[in-house]
Number of protein chains: 2
Amino acid sequence: MFQTGIVMAHQNRDQEYLGKLQDYFSQYRNLPSYAVIGNLLGMASKSAVSALVKRLTLAGYIEMTPDKRLAPTKRFFERELADFPVPAGLPAAANDAMSESLTIDEYLIPRPSSTVLVKVKGDSMIEAGIHDGDIAIVEKRHAASLGDKVIAIVDGEYTLKTLAKDKQGFLLQPENADYAPIRPQEGLEIYGVMVGLIRKYR
Amino acid sequence: MFQTGIVMAHQNRDQEYLGKLQDYFSQYRNLPSYAVIGNLLGMASKSAVSALVKRLTLAGYIEMTPDKRLAPTKRFFERELADFPVPAGLPAAANDAMSESLTIDEYLIPRPSSTVLVKVKGDSMIEAGIHDGDIAIVEKRHAASLGDKVIAIVDGEYTLKTLAKDKQGFLLQPENADYAPIRPQEGLEIYGVMVGLIRKYR
DNA sequence: ACCCTAGGCGAACGAATGTTCCAAACGGGG
DNA sequence: CCCCGTTTGGAACATTCGTTCGCCTAGGGT
């Protein structure tokens with residue numbers, strides 16, 4: 001449905017309603033039942049709420065999960081993304097990069113249960129822009145591709161290196177000319193793959 | 001109902017269950033009904049789910065909204081920061097000494113209202129481990145200290161450089177030998193200070 | 001070997017859910 | 001001023017919800 005400049009009949013109470021739902025969600029992290037929405041918005045009947053929900057669903061703010069429960073969509077959180085305003089003229093706002101995400105967590109971590117954060121020690125990866133004290137976001141899995149930065153288990157020690165391969169087989173390549181590649185004697189065990197990085201400046 | 005290969009002891013499957021709920025929420029942004037939780041986790045009866053929910057509520061991962069709907073708590077989104085990855089699925093036995101729990105947003109963004117995300121362009125800061133395409137977390141303020149990485153406005157252009165000073169005054173120092181320092185002719189206007197960095201691989 | 005206990009099963013139950021239908025109120029355009 | 005599309009109120013409805021209860025199983029402790 002297009003919202004051109006033309007004003008439609010008695011509409012945009014919906015915007016206000018949406019705002020209240022956003023507030024509610026931000027406080028409780030879920031959407032209430034139709035009845036509760038009703039007296040939250042000052043509606044006396046659930047059919048009014050039902051109609052509202054239909055409108056908001058059509059507008060893309062709300063959706064149904066496979067098991068028919070109300071859930072907010074990404075667009076539902078637009079207001080929060082607008083919390084990072086960008087002055088006119090700033091060439092590249094990261095909102096573009098993250099426009100599909102509500103939070104940094106979600107941007108970086110699609111599978112929470114198999115993701116761990118690991119603090120980086122040492123400077124063996126410094127030429128890849130991975131510094132001592134940075135935090136690596138690691139997705140736990142045993143399969144990796146060449147060129148991936150992986151957490152591997154070598155002699156019972158965990159180490160972060162780039163996965164590489166030559167004629168003799170797989171090897172773990174540091175990103176620092178001062179370090180030598182590691183060639184696992186036996187099988188190479190991969191703990192997880194680094195999918196992101198965060199760093200905090202003090 | 002079958003059990004996965006190894007019959008595990010009678011222990012904290014709860015951690016595994018929590019993980020699946022986290023994944024579910026991360027995908028749908030709400031928690032499903034007990035019945036759905038049931039077959040999501042391989043439980044045949046809702047009473048088992050009910051018990052699980054009680055346990056998770058007690059552990060502080062889940063709570064009830066005022067209108068008795070299931071909602072995740074903040075802790076639900078926290079993840080453990082380990083100095084080294086932990087081998088097996090060690091339950092979150094809260095050994096505070098070795099790890100802290102946090103959400104990435106809270107970790108990186110203490111002052112949301114004055115924080116902006118900016119995508120990094122170019123490689124002028126590459127020796128500081130800041131790469132093209134990284135996202136800088138910038139706190140908007142006009143004061144900065146020497147050595148801070150700042151977003152400065154030079155000739156109407158926004159640029160990320162290290163703030164430095166010599167006998168002639170302030171200057172903006174790239175972290176790349178191929179680039180020359182920038183010496184602002186007039187006043188140096190600082191848009192904000194870089195307080196963090198995030199990067200996503202692939 | 002025994003018991004003990006936590007966790008899961010299955011069924012029954014009242015309460016609450018969201019849908020649907022129709023009628024009434026609202027407000028702008030003609 | 002009236003008309004008409006839109007929105008809300010109200011009630012009936014089948015469905016689904018989460019709770020509760022007793023029973024059962026499997027491990028671990030002693």
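Just so we're clear, the structure is a prediction, and the values are computed from it rather than from any experiment. Order of the sequence lines fixes the chain letters, A, B, ..., with proteins taken first and strands second; residue numbering starts at 1 for each chain.
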Query raised in the report: Ignoring hydrogens and geometry, is there a side-chain-to-backbone donor-acceptor pair from D134(B) to V120(B) under 3.5 Å?
Result: no
Requested in this report: Would you tell me if any nitrogen or oxygen in the side chain of S45(B) comes within less than 4.0 Å of OP1 or OP2 on dG10(C)?
Outcome: no
Report summary line: Rounded to whole Å, CZ of R69(B) lies from C1' of dC17(D) at a distance of 9 Å
Requested in this report: Give the rounded distance in Å between these two atoms: CG of D14(B) and P of dA6(C).
Outcome: 13 Å
Report task. Please determine, for the side chain of S33(B), which listed nucleotide (dG18(D), dT20(C), dG9(D)) has the closest atom? Result -> dG18(D)
Query raised in the report: Please give, in whole Å, the distance from dT8(D) C1' to M43(A) CE?
Result: 8 Å
Query raised in the report: Between M64(A) (CE) and dT17(C) (P), how many Å, whole number?
Result: 14 Å
Query raised in the report: With distance as the sole criterion, do the side chain of S47(B) and the base of dC9(C) form a donor-acceptor contact below 3.5 Å?
Result: yes
**Report entry** Side-chain heavy atoms of M194(B) within contact of I151(B), under 4.5 Å
**Finding:** no
Query raised in the report: Heavy-atom distance under 4.5 Å between the side chains of S33(A) and R69(B), does that happen here?
Result: yes
Query raised in the report: Mapping L70(A) and A51(B) to their closest nucleotides on DNA chain C, which lands nearer the 5' end?
Result: A51(B)
Report task. Specify the separation, in whole Å, of atom CG of L41(B) and atom C1' of dC9(C). Result -> 15 Å
**Report entry** Flag for S113(A)-D23(B): side-chain donor and acceptor within less than 3.5 Å
**Finding:** yes
Query raised in the report: Does a nitrogen or oxygen in the side chain of R55(A) sit under 4.0 Å from OP1 or OP2 of dT8(D)?
Result: yes
Query raised in the report: D155(A) side chain to E157(A) main-chain N or O, any donor-acceptor pair under 3.5 Å?
Result: no
**Report entry** Distance in angstrom units between L52(B) CG and dA6(C) P, rounded
**Finding:** 16 Å
**Report entry** Touch class at under 4.0 angstrom, heavy-atom based, for A44(A) against every strand present
**Finding:** sugar-phosphate
Query - Separation of atom OH in Y34(A) from atom P in dG9(D), rounded to whole Å - result: 16 Å
Query - Whole angstrom value for the distance that separates P of dA16(C) from NZ of K68(A) - result: 23 Å
Report summary line: 5'-most contact on DNA chain C (nearest-nucleotide basis), V49(B) vs S50(A), goes to V49(B)
